[in-house]
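Data first, discussion second: the structure below is written as C-alpha coordinates.
Just so it is clear, the values below take in all heavy atoms, side chains as well, and ignore hydrogens, waters and symmetry mates.
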Amino acid sequence: TPDNAVNLAKVKEFCLSLKNNLLCGHGLIFFGPKGTGKTHLSCAIAEIVIEQQMSALFITAGDIADDVKEAFNGKQSEKSKIQKYTVPDLLIIDEILAGNGEFETKTIAKILNTRYSQKRSTIIITNLDLLPPEDNPSAITLASVIGERIMDRLREINKAIRFAGKSFRDRTNNLVK
(Lines give C-alpha, C1' and ligand atoms only; values in the text may rest on other atoms or scores of the structure.)
Protein backbone atom coordinates (compact mmCIF):
# COMPACT_ATOMS: atom_id res chain seq x y z
CA THR A 1 0.00 0.00 0.00
CA PRO A 2 1.11 3.63 -0.32
CA ASP A 3 1.36 3.88 3.50
CA ASN A 4 3.68 0.90 3.59
CA ALA A 5 5.89 2.42 0.90
CA VAL A 6 6.18 5.65 2.89
CA ASN A 7 7.02 3.72 6.07
CA LEU A 8 9.64 1.67 4.25
CA ALA A 9 11.21 4.88 2.93
CA LYS A 10 11.34 6.32 6.47
CA VAL A 11 12.99 3.16 7.79
CA LYS A 12 15.51 3.18 4.93
CA GLU A 13 16.31 6.81 5.76
CA PHE A 14 16.87 5.83 9.41
CA CYS A 15 19.14 2.97 8.33
CA LEU A 16 21.20 5.15 5.97
CA SER A 17 22.37 7.08 9.03
CA LEU A 18 22.20 4.08 11.35
CA LYS A 19 25.55 4.48 13.10
CA ASN A 20 24.93 8.17 13.72
CA ASN A 21 21.37 7.51 14.87
CA LEU A 22 22.59 4.91 17.36
CA LEU A 23 25.43 7.12 18.59
CA CYS A 24 22.94 9.94 19.22
CA GLY A 25 20.35 7.67 20.83
CA HIS A 26 17.76 8.24 18.12
CA GLY A 27 15.11 5.59 17.71
CA LEU A 28 11.68 4.89 16.30
CA ILE A 29 8.15 4.38 17.53
CA PHE A 30 6.11 2.06 15.33
CA PHE A 31 2.40 2.28 16.07
CA GLY A 32 -0.77 1.07 14.41
CA PRO A 33 -3.00 -1.95 13.99
CA LYS A 34 -1.81 -5.52 14.37
CA GLY A 35 -0.34 -7.30 11.39
CA THR A 36 0.83 -4.21 9.49
CA GLY A 37 4.57 -4.94 9.45
CA LYS A 38 5.84 -3.15 12.56
CA THR A 39 7.67 -6.14 14.01
CA HIS A 40 8.90 -7.27 10.60
CA LEU A 41 10.56 -3.92 9.88
CA SER A 42 12.04 -3.65 13.37
CA CYS A 43 13.66 -7.08 12.99
CA ALA A 44 15.09 -6.02 9.62
CA ILE A 45 16.67 -3.00 11.34
CA ALA A 46 18.09 -5.29 14.04
CA GLU A 47 19.71 -7.45 11.35
CA ILE A 48 21.38 -4.38 9.84
CA VAL A 49 22.60 -3.28 13.28
CA ILE A 50 24.14 -6.72 13.88
CA GLU A 51 25.70 -6.78 10.38
CA GLN A 52 27.43 -3.50 11.31
CA GLN A 53 29.02 -5.17 14.37
CA MET A 54 26.70 -3.50 16.89
CA SER A 55 24.31 -5.13 19.33
CA ALA A 56 20.54 -5.39 19.10
CA LEU A 57 17.97 -7.07 21.31
CA PHE A 58 14.33 -7.75 20.43
CA ILE A 59 11.98 -8.56 23.31
CA THR A 60 8.36 -8.09 24.31
CA ALA A 61 7.35 -5.87 27.21
CA GLY A 62 5.84 -8.91 28.93
CA ASP A 63 9.07 -10.91 28.64
CA ILE A 64 11.04 -8.02 30.14
CA ALA A 65 8.66 -7.90 33.11
CA ASP A 66 8.84 -11.68 33.58
CA ASP A 67 12.64 -11.56 33.50
CA VAL A 68 12.87 -8.70 36.00
CA LYS A 69 10.37 -10.43 38.33
CA GLU A 70 12.82 -13.34 38.57
CA ALA A 71 15.04 -10.98 40.58
CA PHE A 72 12.59 -11.42 43.45
CA ASN A 73 13.86 -15.01 43.77
CA GLY A 74 17.06 -13.49 45.17
CA LYS A 75 19.66 -14.64 42.64
CA GLN A 76 20.05 -11.24 40.94
CA SER A 77 18.96 -7.76 41.87
CA GLU A 78 16.18 -5.96 40.03
CA LYS A 79 18.74 -3.31 39.11
CA SER A 80 21.05 -5.86 37.45
CA LYS A 81 18.12 -7.38 35.54
CA ILE A 82 17.08 -3.93 34.27
CA GLN A 83 20.67 -3.05 33.43
CA LYS A 84 20.94 -5.80 30.83
CA TYR A 85 18.26 -3.99 28.80
CA THR A 86 20.24 -0.75 28.87
CA VAL A 87 23.38 -2.29 27.33
CA PRO A 88 22.43 -3.12 23.69
CA ASP A 89 23.11 -0.47 21.06
CA LEU A 90 19.50 -0.98 19.94
CA LEU A 91 16.68 -2.32 22.10
CA ILE A 92 13.40 -3.21 20.40
CA ILE A 93 10.44 -3.49 22.79
CA ASP A 94 7.36 -5.07 21.23
CA GLU A 95 3.81 -5.27 22.56
CA ILE A 96 3.59 -2.25 24.81
CA LEU A 97 -0.15 -2.57 25.35
CA ALA A 98 -3.00 -1.21 27.41
CA GLY A 99 -3.19 -4.52 29.27
CA ASN A 100 0.34 -4.26 30.65
CA GLY A 101 0.30 -4.39 34.43
CA GLU A 102 1.63 -1.70 36.76
CA PHE A 103 4.89 -3.59 37.45
CA GLU A 104 5.49 -4.09 33.74
CA THR A 105 4.75 -0.44 32.97
CA LYS A 106 7.08 0.83 35.70
CA THR A 107 9.83 -1.55 34.62
CA ILE A 108 9.58 -0.44 30.98
CA ALA A 109 9.59 3.20 32.12
CA LYS A 110 12.79 2.62 34.14
CA ILE A 111 14.48 1.02 31.15
CA LEU A 112 13.36 3.75 28.75
CA ASN A 113 14.44 6.48 31.14
CA THR A 114 17.88 4.91 31.60
CA ARG A 115 18.31 4.43 27.86
CA TYR A 116 17.28 8.06 27.28
CA SER A 117 19.83 9.28 29.85
CA GLN A 118 22.57 7.13 28.28
CA LYS A 119 21.61 8.08 24.69
CA ARG A 120 20.79 4.49 23.77
CA SER A 121 18.53 3.84 20.79
CA THR A 122 15.18 2.15 21.26
CA ILE A 123 12.42 1.05 18.93
CA ILE A 124 8.99 0.90 20.52
CA ILE A 125 6.26 -1.20 18.90
CA THR A 126 2.65 -0.79 19.93
CA ASN A 127 -0.89 -1.11 18.65
CA LEU A 128 -1.84 1.97 20.68
CA ASP A 129 -2.08 5.51 19.35
CA LEU A 130 0.52 7.88 20.74
CA LEU A 131 -1.97 10.48 21.93
CA PRO A 132 -5.76 10.44 22.35
CA PRO A 133 -7.94 11.61 19.49
CA GLU A 134 -9.71 14.92 20.00
CA ASP A 135 -13.10 13.21 20.10
CA ASN A 136 -11.99 10.76 22.83
CA PRO A 137 -9.52 12.45 25.22
CA SER A 138 -9.78 9.57 27.73
CA ALA A 139 -8.69 6.90 25.21
CA ILE A 140 -5.88 4.58 26.28
CA THR A 141 -2.70 5.60 24.46
CA LEU A 142 0.99 4.87 24.59
CA ALA A 143 1.41 8.08 26.60
CA SER A 144 -1.19 7.00 29.16
CA VAL A 145 0.43 3.56 29.51
CA ILE A 146 4.09 4.58 29.88
CA GLY A 147 3.48 8.02 31.35
CA GLU A 148 3.60 11.53 29.94
CA ARG A 149 7.18 12.17 31.14
CA ILE A 150 8.59 9.11 29.36
CA MET A 151 6.46 9.80 26.28
CA ASP A 152 7.79 13.36 26.13
CA ARG A 153 11.35 12.03 26.19
CA LEU A 154 10.58 9.45 23.50
CA ARG A 155 9.11 12.13 21.22
CA GLU A 156 12.29 14.17 21.63
CA ILE A 157 14.63 11.50 20.24
CA ASN A 158 12.41 9.02 18.36
CA LYS A 159 10.67 9.36 15.04
CA ALA A 160 7.09 8.11 15.19
CA ILE A 161 5.86 6.09 12.24
CA ARG A 162 2.16 5.25 11.93
CA PHE A 163 1.29 1.94 10.30
CA ALA A 164 -2.13 1.49 8.72
CA GLY A 165 -4.12 -1.01 6.75
CA LYS A 166 -5.44 -4.50 7.24
CA SER A 167 -3.44 -7.25 8.84
CA PHE A 168 -1.10 -9.08 6.48
CA ARG A 169 -1.91 -12.20 8.47
CA ASP A 170 -5.60 -11.84 7.64
CA ARG A 171 -4.72 -11.63 3.95
CA THR A 172 -2.48 -14.69 4.07
CA ASN A 173 -4.58 -16.90 6.30
CA ASN A 174 -3.64 -20.44 5.42
CA LEU A 175 -5.74 -22.19 8.05
CA VAL A 176 -7.77 -25.14 6.86
CA LYS A 177 -11.48 -24.44 7.20
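Pairing each heavy atom of Glu104 with each of Ala65, the nearest pair is CG-CB, 3.6 Å. Residues Ile96 and Ile108 come closest through the heavy atom pair CD1-CG2, 3.9 Å. Taking both residues in full, the closest heavy atoms of Gly165 and Thr36 are given as O-CG2, 3.5 Å, listed atom of the first, atom of the second, then distance. Here the shortest heavy-atom pairing between Ile146 and Ala109 reads O-CB, 4.3 Å. The shortest heavy-atom contact between Pro88 and Leu57 is CG-CB, 3.9 Å. Scanning all heavy atoms of the two residues, the minimum distance from Thr141 to Pro132 falls at CG2-N, 3.2 Å.
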inquiry  = Test side-chain contact (heavy atoms from CB on, under 4.5 Å) on Phe31 and Leu142; report intermediate values, then the result.
reply    = CA-CA 9 Å; Phe31 68 106; Leu142 181 61; over 6 Å; no
ask   = Can you list the steps and then say if Leu18 with Leu90 is a side-chain contact (heavy atoms from CB on, under 4.5 Å)?
value = CA-CA 10 Å; Leu18 186 63; Leu90 176 65; 5.9 Å; no
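The CD atom of Glu102 sits 4.0 Å away from atom NZ of Lys106, with the distance rounded to the nearest 0.5 Å. Once rounded to the nearest 0.5 Å, the distance linking SG of Cys43 with CD1 of Ile125 reads 7.0 Å. Interatomic distance, Asn7 CG to Phe30 CZ, rounded to the nearest 0.5 Å: 7.5 Å. To the nearest 0.5 angstrom, Leu130 atom CG is 5.5 Å from Ile29 atom CD1. Rounding to the nearest 0.5 Å gives a distance of 11.5 Å between NZ of Lys110 and CD1 of Ile150. Interatomic distance, Thr86 OG1 to Lys79 NZ, rounded to the nearest 0.5 Å: 10.0 Å.
When hydrophobic clusters are built by joining Ile, Leu, Val, Met, Phe, Trp and Tyr residues whose side-chain heavy atoms come closer than 4.5 Å, directly or via intermediates, Leu128 is grouped together with Ile124. Phe58 and Leu41 fall within the same hydrophobic cluster, where Ile, Leu, Val, Met, Phe, Trp and Tyr residues are linked whenever their side-chain heavy atoms come under 4.5 Å apart, directly or through other members. Cluster annotation: Ile82 is connected to Ile64 through the hydrophobic network of ILVMFWY side chains, with a link wherever side-chain heavy atoms come within less than 4.5 Å. Each of Tyr116 and Val87 belongs to its own hydrophobic cluster when Ile, Leu, Val, Met, Phe, Trp and Tyr are linked at side-chain heavy-atom distances under 4.5 angstrom. A continuous path of hydrophobic side-chain contacts links Ile140 to Ile93 [ILVMFWY only; heavy atoms under 4.5 Å].
Under a 3.5 Å cut-off, the side chain of Arg115 and the backbone N or O of Tyr85 do form a donor-acceptor pair. Looking only at distances, a side-chain donor or acceptor of Ser121 sits under 3.5 Å from a matching main-chain atom of His26. Using modelled atom types, one side-chain atom of Asn21 and one backbone atom of Phe14 make a donor-acceptor pair closer than 3.5 Å. Lys38 contributes a side-chain N or O that, together with a main-chain N or O of Pro33, makes up a donor-acceptor pair within less than 3.5 Å. Remark: the backbone N or O of Phe103 is paired with a side-chain donor or acceptor of Thr107 at under 3.5 angstrom.
Of the listed residues (Lys119, Lys19, Arg120), just one forms a salt bridge (Lys or Arg N to Asp or Glu O under 4.0 Å) with Asp89, and that residue is Arg120. Test Thr60, Asp63, Asn127 against Glu95 for side chain to side chain contact (heavy atoms under 4.5 Å, CB included) and you get one pass: Thr60. With Arg149 as the fixed residue, the side chain to side chain contact (heavy atoms under 4.5 Å, CB included) test singles out one of Leu112, Leu154, Asn113: Asn113. A side chain to side chain contact (heavy atoms under 4.5 Å, CB included) with Leu28 is found for exactly one of Ile45, Thr122, Ile92, namely Ile45.
Here the side chains of Ile59 and Leu91 are in contact, with some heavy-atom distance below 4.5 Å.
Residue Glu78 places its CD atom among more than 12 non-hydrogen atoms of other residues, nucleotides or ligands, all under 6.0 Å distant.
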